[in-house]
Protein chains: 2
Amino acid sequence: MTTAPAAGTAERILDVAERLVQTRGYNGFSYADVAAELGITKPSLHYHFASKAELGEALIARYHTRFSAALEAIDAAGGDPGIRLRRYASLYADVLDNQRMCLCGMLAADLETLPGRMQDAVVRFFDSSETWLAAVLDEGKASGALRGDGPSHDQAQMVLSTLEGAMLVARSYHDTERFRAVARRLVSSLLAEPHTG
Amino acid sequence: MTTAPAAGTAERILDVAERLVQTRGYNGFSYADVAAELGITKPSLHYHFASKAELGEALIARYHTRFSAALEAIDAAGGDPGIRLRRYASLYADVLDNQRMCLCGMLAADLETLPGRMQDAVVRFFDSSETWLAAVLDEGKASGALRGDGPSHDQAQMVLSTLEGAMLVARSYHDTERFRAVARRLVSSLLAEPHTG
DNA sequence: GTCTATAACGAGATAGAC
DNA sequence: GTCTATCTCGTTATAGAC
């Protein structure tokens with residue numbers, strides 16, 4: 001039994017690059033930025049990630065994996081669909097609390113400048129979120145907890161769009177409460193019983 | 001009486017730069033891109049806009065002016081608050097039909113990399129939209145056409161966030177209908193009488 | 001108002017030593 | 001696995017002629 005090992009270089013590169021993409025965008029950071037922060041040189045980065053495109057793909061893959069794990073944790077924790085939606089929104093709020101934009105929301109803005117494989121990976125992330133949301137919404141309708149106005153997949157697109165947009169705008173104001181207010185309003189609009197406040 | 005003059009060089013620079021920012025982001029285009037498209041040289045661009053920051057400020061100023069004029073046109077055309085909200089959403093849909101993101105939505109993603117004056121101008125654009133939206137929502141509540149669940153300013157933040165996010169996501173799918181579906185759902189949620197479909 | 005020429009810097013990437 | 005040294009190209013920006 002050993003102490004937990006420090007994260008390997010590749011992981012630390014991903015940590016720094018992830019934060020830089022989430023705050024500055026794909027075209028707003030460089031290998032030099034990452035290298036300087038880690039106290040290594042640019043060629044060392046290229047040893048771990050041969051190209052910026054490769055690094056970008058690894059970023060999305062890790063983010064997607066972690067996000068999917070968080071969704072599984074929400075399912076495993078149980079609770080009614082309303083609670084699950086609130087916890088889903090909390091995942092976004094946690095990101096914003098770290099002064100970051102959703103990685104894939106940020107990359108969606110940069111999409112036209114990204115390598116094709118990164119573009120595809122961003123869309124797959126959105127697909128994944130929408131599929132999970134639609135399942136929760138379906139379950140909520142079956143139990144009577146959620147309103148059934150329109151197809152769940154359409155509602156799921158609404159939820160994803162609203163949360164991504166609320167992050168984008170709230171970050172501009174450096175105001176996470178602005179995000180939370182929109183998220184609360186969004187979830188309330190999906191509940192079977194209209195809420196006040 | 002003369003024929004309409006062709007747009008001056010400065011306007012044509014703004015036209016090209018605007019499209020590039022809306023599609024590629026502030027850090028995804030260069031003076032060389034604009035110069036090549038207009039068939040002039042980079043130093044000629046610097047004659048009209050001494051720095052990229054100056055060009056960026058001019059882009060936001062013109063966009064804001066045009067957007068405000070569009071809002072005044074919506075007010076001047078009359079119609080109930082529901083119609084006005086639909087026309088507001090149509091302004092965004094028109095942008096997306098040109099395969100573009102909202103200029104300030106795109107710049108919101110790039111915000112941390114922008115000069116301070118550009119950051120302030122982006123936030124002022126959002127403020128301006130929210131103020132107009134809140135006024136329409138207030139009017140709608142007074143006439144009974146719109147639901148009054150919560151302060152109009154909170155609802156306005158919800159509308160702005162949802163439309164910006166829907167643009168961002170829909171553009172990733174190259175699917176403007178995805179945007180329109182979210183916009184319809186959003187406006188319906190604000191109407192006094194619940195709609196189906 | 002537009003040009004040629006160039007400065008000064010940063011980008012992504014590679015060769016090859018250790 | 002990390003380094004030094006270097007390459008090539010693109011970036012914003014300026015000087016000065018026309």
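Below, chains carry the letters A, B, ... as their sequence lines are ordered, and counting in each starts from 1.
- In this structure, B/Leu38 places its CG atom 13 Å from C1' of C/dT2, rounding to the nearest Å.
- For the pair A/Arg180 and A/Asp97, the salt-bridge criterion is met [side-chain N within less than 4.0 Å of a carboxylate O].
- Put simply, OH on B/Tyr47 is 18 Å from P on C/dT4, counting in whole angstrom units.
- For the pair A/Ile40 CD1 and C/dA13 C1', the interatomic distance rounds to 15 Å; values are reported in whole Å.
- Between B/Asp33 and B/Arg19, no side-chain nitrogen of the basic residue sits less than 4.0 Å from a carboxylate oxygen of the acidic one, so the salt-bridge criterion is not met.
- Taking atom CG on A/Leu45 and atom P on C/dA13, their separation rounds to 11 Å, with Å as the unit.
- The phosphate of C/dC3 (OP1 or OP2) has a side-chain N or O of B/Thr41 nearer than 4.0 angstrom.
- Using the six-membered ring where Trp is involved, B/Phe179 and B/Tyr92 have ring planes that are parallel, under 30° apart on the 30 and 60° scheme.
- Of the residues in residues 17-25 of chain A, not one places a heavy atom less than 4.0 Å from an atom of DNA chain D.
- One N or O on the side chain of B/Thr113 and one on the backbone of B/Asp110 form a donor-acceptor pair closer than 3.5 Å.
- For A/Ser44, a side-chain nitrogen or oxygen approaches OP1 or OP2 of D/dC3 to under 4.0 Å.
- Atoms CG (A/Asn27) and P (D/dT12) sit 12 Å apart, rounded to a whole Å.
- Ionic pairing of B/Lys52 and B/Glu57 is not present here: no N-O contact between side-chain nitrogen and carboxylate oxygen is shorter than 4.0 angstrom.
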For each nucleotide in nucleotides 5-12 of chain C, reading 5' to 3', give B when a protein heavy atom comes within less than 4.0 Å of its base, S when such contact involves only the sugar-phosphate, and - otherwise. B-----SB

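- Between B/Arg24 and A/Glu112, no side-chain nitrogen of the basic residue sits less than 4.0 Å from a carboxylate oxygen of the acidic one, so the salt-bridge criterion is not met.
- A salt bridge does not link B/Arg12 to B/Glu37: none of the charged nitrogens lies less than 4.0 Å from a carboxylate oxygen.
- Aromatic ring pairs are classed by plane angle as parallel below 30°, tilted from 30° to 60° and perpendicular above 60°; the pair A/Phe125 and A/His64 is perpendicular.
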